[in-house]
Amino acid sequence: MGETAVIDRAHALEAFHHYVEPYDANNPRIALKVEHTLRVAELADRIAAGSGFTEAGRDVAWLCGLLHDLGRFEQLRRWDTFNDGDSVNHATLGANILFGESSVAFATAESDDDFFSRHNRTAGSIRAFCDDSALDDMIRAAVAHHSDFRLPEALDVRTHAICDVVRDADKLDILRVTCTDTVETVLGVSEDELLESTVSPAVEDAFFAHRTVARAERKTPADYLVSLACFTYELVYPTSLEIGLEQGFLFQPFERPFGIEEPFATPETRFLMNQMDGHLRIWIDERL
């Protein structure tokens with residue numbers, strides 16, 4: 001990374017807390033996203049440091065991690081979901097808010113949304129977080145593409161590197177929620193609904209093909225767990241895999257998802273989950 005700018009982290013962090021302040025802090029899903037955001041920022045910094053980025057590069061990675069899920073708060077407020085298919089692409093929404101392009105997102109807003117429309121134009125502006133407009137294109141790409149199935153090929157080398165850091169950090173912390181949050185908070189289903197679900201054929205194929213699962217391929221709660229495990233296959237930086245092993249979350253989707261001790265209801269699903277667990281462990285051992 002060759003940037004000479006240095007981010008004022010204290011200022012950016014204060015701006016982030018100011019941005020999320022009007023959203024319902026008593027909603028566990030809002031709290032989850034605040035905590036997730038802060039961890040992703042720190043993970044992005046750590047991955048960048050372990051991958052040879054300069055201090056300035058680490059700052060940019062940290063800021064992009066801090067901003068990556070900005071669209072989630074408005075998504076949850078307006079649609080009461082984290083499901084992009086039932087609302088809007090949260091990454092695109094976040095980038096649009098940051099760079100003053102949120103008019104489409106608010107085109108159908110009722111009059112009582114006026115406060116949040118103004119709030120997003122001011123507290124959500126990229127200038128509230130960073131004064132250096134030279135970084136805008138890189139930040140926009142990192143936010144807009146952090147949840148893409150694949151990154152655009154046209155990205156320049158430095159932007160691609162930052163995007164990879166943020167995507168790795170995001171994947172690692174999403175794996176954490178499988179250990180620390182409830183299935184109701186994350187998936188909106190009960191433990192019984194999760195344990196009674198099965199793995200779709202397309203998701204099984206994706207796992208053994210060592211690729212991430214496309215959103216359209218996920219049909220069941222069990223599919224979500226397998227899609228989390230698939231994150232490990234596409235961690236870009238060796239430091240990211242090391243952090244994942246250190247944290248102990250890589251195998252959690254198979255061992256004790258959301259802390260649930262009970263096994264899956266059908267013998268076929270129990271067998272498949274055990275098989276996937278062993279397969280992933282062998283794959284990681286070979287990489288190390």
Over all heavy atoms of both residues, which pair between [X] and [Y] is shortest? Give the atoms and the distance, please.
X: P221; Y: L194; answer: CB-CD1, 3.6 Å
X: L93; Y: G71; answer: CD2-O, 3.6 Å
X: S227; Y: R218; answer: OG-CD, 3.4 Å
X: I7; Y: L135; answer: CD1-CD1, 3.8 Å
X: A61; Y: A44; answer: O-CB, 3.4 Å
X: F115; Y: P22; answer: CE2-CB, 3.7 Å

Interatomic distance, [X] atom [atom1] to [Y] atom [atom2] [nearest 0.5 angstrom]:
X: W283; Y: T232; atom1: CH2; atom2: OG1; answer: 7.0 Å
X: H146; Y: D164; atom1: NE2; atom2: CG; answer: 14.0 Å
X: D148; Y: T212; atom1: CG; atom2: OG1; answer: 10.5 Å
X: F249; Y: I174; atom1: CZ; atom2: CD1; answer: 13.0 Å
X: F258; Y: I260; atom1: CZ; atom2: CD1; answer: 7.0 Å
X: I126; Y: I97; atom1: CD1; atom2: CD1; answer: 12.0 Å

Do the side chains of [Y] and [X] get nearer than 4.5 Å, heavy atoms only?
X: D168; Y: V165; answer: no
X: P253; Y: M273; answer: no
X: H210; Y: L280; answer: no
X: V213; Y: Y224; answer: no
X: L98; Y: R140; answer: no
X: F264; Y: S197; answer: yes
X: V88; Y: T92; answer: no
X: R9; Y: D59; answer: yes

With distance as the sole test, does [X] use its side chain to make a donor-acceptor pair with the main-chain N or O of [Y] at under 3.5 Å?
X: D223; Y: T220; result: yes
X: S200; Y: A202; result: no
X: E193; Y: S190; result: yes
X: S240; Y: V236; result: no
X: S125; Y: R121; result: no
X: S87; Y: N83; result: yes
X: R270; Y: P263; result: no

Using 4.0 Å as the upper bound for N to carboxylate O, is an ion pair formed by [Y] and [X]?
X: E217; Y: R211; result: yes
X: D277; Y: R281; result: yes
X: R176; Y: D181; result: no
X: D136; Y: R127; result: yes
X: R39; Y: E42; result: no
X: E234; Y: R150; result: yes
X: E261; Y: R256; result: yes

Quiz prompt | Ring centres under 6.0 angstrom apart (H119, Y19) | solution = yes
Under 3.5 Å, is there a donor on one side chain and an acceptor on the other for [X] and [Y]?
X: Q75; Y: D84; result: yes
X: Y23; Y: E74; result: yes
X: S117; Y: D114; result: no

Exercise. Return the orientation label for the Y233 and H279 ring planes: parallel under 30°, perpendicular over 60°, tilted otherwise.
Key: perpendicular
Quiz item: Passes side-chain contact (heavy atoms from CB on, under 4.5 Å), Q275 versus F254? Steps please.
Solution: CA-CA 10 Å; Q275 184 183 23; F254 301 127; over 6 Å; no
Quiz prompt | Residue that, paired with H68, satisfies side-chain hydrogen bond (donor to acceptor under 3.5 Å, both in side chains) out of H36, H90, H145 | solution = H36
Applying a strict under-4.5 Å side-chain criterion to I, L, V, M, F, W and Y, I'd like to know whether [X] and [Y] cluster together.
X: F99; Y: F73; answer: yes
X: L288; Y: I243; answer: yes
X: W79; Y: F116; answer: yes
X: I47; Y: V40; answer: no
X: F149; Y: F208; answer: no

Give a yes or no on this: more than 12 heavy atoms of other residues, nucleotides or ligands lie within 6.0 Å of atom [atom1] of [X].
X: E14; atom1: CD; value: no
X: D131; atom1: CG; value: no
X: F271; atom1: CZ; value: no

Exercise. Determine, step by step, whether T37 and L66 satisfy the side-chain contact (heavy atoms from CB on, under 4.5 Å) criterion, reporting the C-alpha distance in whole Å, the side-chain angles of both residues, the deciding distance to 0.1 Å, and the verdict.
Key: CA-CA 6 Å; T37 294; L66 185 72; 4.1 Å; yes
Quiz item: Name the one of D170, D69, D24, D173 that satisfies salt bridge (charged side-chain N to carboxylate O under 4.0 Å, His left out) with K33?
Solution: D69
Self-check item: Derivation of the side-chain contact (heavy atoms from CB on, under 4.5 Å) call for E204 and L272
Solution: CA-CA 9 Å; E204 180 180 350; L272 179 59; 3.8 Å; yes
Practice problem: Given side chain to side chain donor-acceptor pair (under 3.5 Å), test S147 with R167 step by step and report yes or no. | Solution: CA-CA 7 Å; S147 62; R167 284 159 65 88; over 6 Å; no
Exercise. Report the C-alpha distance between D80 and R29 in whole Å, list the side-chain angles of each, state the deciding distance to 0.1 Å, and finish with yes or no for side-chain contact (heavy atoms from CB on, under 4.5 Å).
Key: CA-CA 9 Å; D80 193 31; R29 289 186 290 176; 2.4 Å; yes
